[in-house]
Number of protein chains: 2
Amino acid sequence: IIELKEVHKIYKLGSVSVNALNGINLVINKGEFISIVGPSGSGKTTMLNLIGLLDRPTAGKVFFESRDVSSLSDNELSRLRAEKIGFVFQTFNLIPSLTAKENVELAAAFSNKVKDPERKAEELLELMDLKSRMNHKPNQLSGGEQQRVAIARALMNDPLVLLADEPTGNLDSKTSMELLEIFKKLNSEGLTLVVVTHNLSIANEAGRIIYLKDGRVENEVKKGY
Amino acid sequence: IIELKEVHKIYKLGSVSVNALNGINLVINKGEFISIVGPSGSGKTTMLNLIGLLDRPTAGKVFFESRDVSSLSDNELSRLRAEKIGFVFQTFNLIPSLTAKENVELAAAFSNKVKDPERKAEELLELMDLKSRMNHKPNQLSGGEQQRVAIARALMNDPLVLLADEPTGNLDSKTSMELLEIFKKLNSEGLTLVVVTHNLSIANEAGRIIYLKDGRVENEVKKGY
Ligand SMILES: Nc1ncnc2c1ncn2[C@@H]1O[C@H](COP(=O)(O)OP(=O)(O)OP(=O)(O)O)[C@@H](O)[C@H]1O
Ligand SMILES: Nc1ncnc2c1ncn2[C@@H]1O[C@H](COP(=O)(O)OP(=O)(O)OP(=O)(O)O)[C@@H](O)[C@H]1O
Ligand SMILES: [Mg+2]
Ligand SMILES: [Mg+2]
């Protein structure tokens, strides 16, 4: 469903170059549950941003449903992201002036898929155990609550693929395990799932673990089934 | 060194009240290493903000070095924070327009304690393994790198007490353990350390673990020594 082919990403900072990704090859199949792990700074977020069409590679190709994304306009990419990709950001990126519920509802504004955005937003926030916090703005929420709002928002458009960048970084282990159960259930219902995580109990539940180091795939481990 | 006495914190949201803290009693002794754990939303950040004089309680008393902080002006509190308290925020709060090094140096601007801020900022960033990232702005840093800049900044003024709100939420386990070693070394040199964390391998290294639930201390565990 998504493929990275010999992908490089170089950031330029004045005269200095940061080689964030150095030749990544990755095939993500429909319905897979993949986790990406690796040291801080190894390129996980950069890689997830390319998979999620939020950024373009410096070299190499990205394919989404077999289409080379470099041939798509920014508008077409935007549309694809809105309809097919759910993204949970490492730093949440919630809109400060909107409530939790409005933040989640807003995701439906960019696609025509959701019939009753308000009701769906409430259901997703309830799933995330945030029913009593729907009318709080981000700065009236705890770190872990903000993180869960970001997850609810990513699920709003029934995406084909959910990309989650460290979705449990601010959650206690009980809440993390509850989230893992939700992810596994959605995956069993057909959602393709790519989770960047430092939490090895989450990573170990994936069908495949990709180990990143210095912008390269250092190792890949497949589960027995 | 710091004491919370029957502390309550109530947030008002229109007609709704959120009782974030419901009668907290806590004594923090000089040189202790304490960890605070508990579910997402249980009041850990709220409690740390009161300990760090960033906020005032709705009821109850906060004592810093035996002085009742309600008798201090905002300016006096500001001064106390700048000179004696290092705070690592759950959401980093770095200044987007400044580089990592400038962000760390800035902490010295609010007190007269540091002779050579630029050199000290470099040393602290090197300690955090960020030597090659000193001139990056926050949006040119990974999540874990931003977190480490926030930690370096908190150490800039040689604080009496370091308060860290989930300092390893975005770090892989190797980097987390390296940070723990730095914390333990500073604690052995006299730094009082209060760490809010979901990472039990960090929490278990503390001399005392405070378990929070629904804004109350549910349990407290002291280590044998
Ligand atoms: N300004 C505010 N207005 C209303 N409610 C608030 C405000 N700030 C925090 N809260 C609520 O108070 C409760 C405690 O928040 P706090 O940030 O202390 O939790 P926490 O234990 O740090 O959680 P986490 O582990 O998710 O960071 C949360 O349920 C939150 O929704
Ligand atoms: N805009 C940018 N300009 C320059 N360097 C950048 C930029 N964005 C990221 N980097 C660098 O690229 C490297 C990879 O960043 P990335 O965010 O992908 O790491 P990560 O694996 O997600 O780390 P973490 O686990 O800490 O979140 C980092 O060393 C970072 O400093
Ligand atoms: Mg990252
Ligand atoms: Mg918190």
Side-chain angles (χ1 to χ4, degrees), chain A residues 11-16 18 20 37-48 89-92 94 99 128-130 132-148 165-176 178-179 196-201 203 211-213, chain B residues 11-16 18 20 37-48 89-92 94 99 128-130 132-148 165-176 178-179 196-201 203 211-213:
Chain A
Y11 293 112
K12 286 226 175 332
L13 225 70
S15 57
V16 174
V18 175
V37 305
S40 173
S42 53
K44 306 179 296 296
T45 293
T46 302
M47 189 166 153
L48 207 69
F89 295 91
Q90 190 168 5
T91 49
F92 322 148
L94 299 178
T99 65
M128 292 293 144
D129 201 21
L130 291 174
S132 62
R133 295 289 183 262
M134 285 197 212
N135 299 319
H136 287 231
K137 296 206 173 108
N139 69 350
Q140 297 165 332
L141 291 170
S142 78
E145 290 167 346
Q146 292 178 44
Q147 192 154 35
R148 283 179 274 155
D165 200 346
E166 319 233 16
T168 65
N170 288 284
L171 301 177
D172 55 281
S173 53
K174 176 159 175 283
T175 313
S176 297
E178 286 167 8
L179 182 66
V196 167
T197 184
H198 287 311
N199 184 333
L200 297 177
S201 28
Y211 290 86
L212 264 201
K213 191 177 181 191
Chain B
Y11 293 112
K12 284 227 175 335
L13 225 69
S15 58
V16 175
V18 175
V37 304
S40 172
S42 54
K44 305 179 297 295
T45 293
T46 303
M47 189 165 153
L48 207 69
F89 294 91
Q90 189 167 6
T91 49
F92 321 148
L94 299 177
T99 64
M128 293 292 145
D129 202 19
L130 290 174
S132 62
R133 296 289 182 264
M134 285 198 212
N135 298 319
H136 287 230
K137 297 206 173 106
N139 68 351
Q140 297 164 333
L141 292 170
S142 79
E145 291 167 347
Q146 291 178 44
Q147 193 155 34
R148 284 180 273 155
D165 200 346
E166 318 235 16
T168 64
N170 289 282
L171 302 178
D172 54 281
S173 53
K174 175 161 175 282
T175 312
S176 298
E178 286 167 8
L179 182 65
V196 167
T197 184
H198 288 309
N199 184 332
L200 297 177
S201 28
Y211 290 86
L212 264 201
K213 191 177 181 194

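Lettering follows sequence order; numbering is per chain, from 1. Fair warning: this is a prediction, and the values are worked out from it, not measured in the lab.
When heavy atoms are compared at a cutoff of 4.5 Å, A:Ser40 approaches chain B by way of both its backbone and its side chain. Residue B:Leu171 touches chain A through both its backbone and its side chain, counting heavy-atom pairs closer than 4.5 Å. Using a 4.5 Å cut-off between heavy atoms, B:Asn135 contacts chain A through its backbone alone, with no side-chain atom that close. Both the backbone and the side chain of A:Glu145 come within contact range of chain B, judged by heavy atoms closer than 4.5 Å.
In this structure, NZ in A:Lys137 is found 8.5 Å from CG in B:Leu13, a value given to the nearest 0.5 Å.
Sorted by first then second residue, the salt bridge (Lys or Arg N to Asp or Glu O under 4.0 Å) pairs that include residues 165-174 of chain B, not counting sequence neighbours, are B:Lys174-B:Glu178.
Each of B:Thr168, B:Asn170, B:Thr175, B:Val18 has some count of heavy-atom pairs under 4.5 Å with chain A, and the biggest count is that of B:Asn170. Annotation: maximal heavy-atom pairing with chain B below 4.5 Å, among A:Gln140, A:Gln146, A:Arg133, occurs at A:Gln140.
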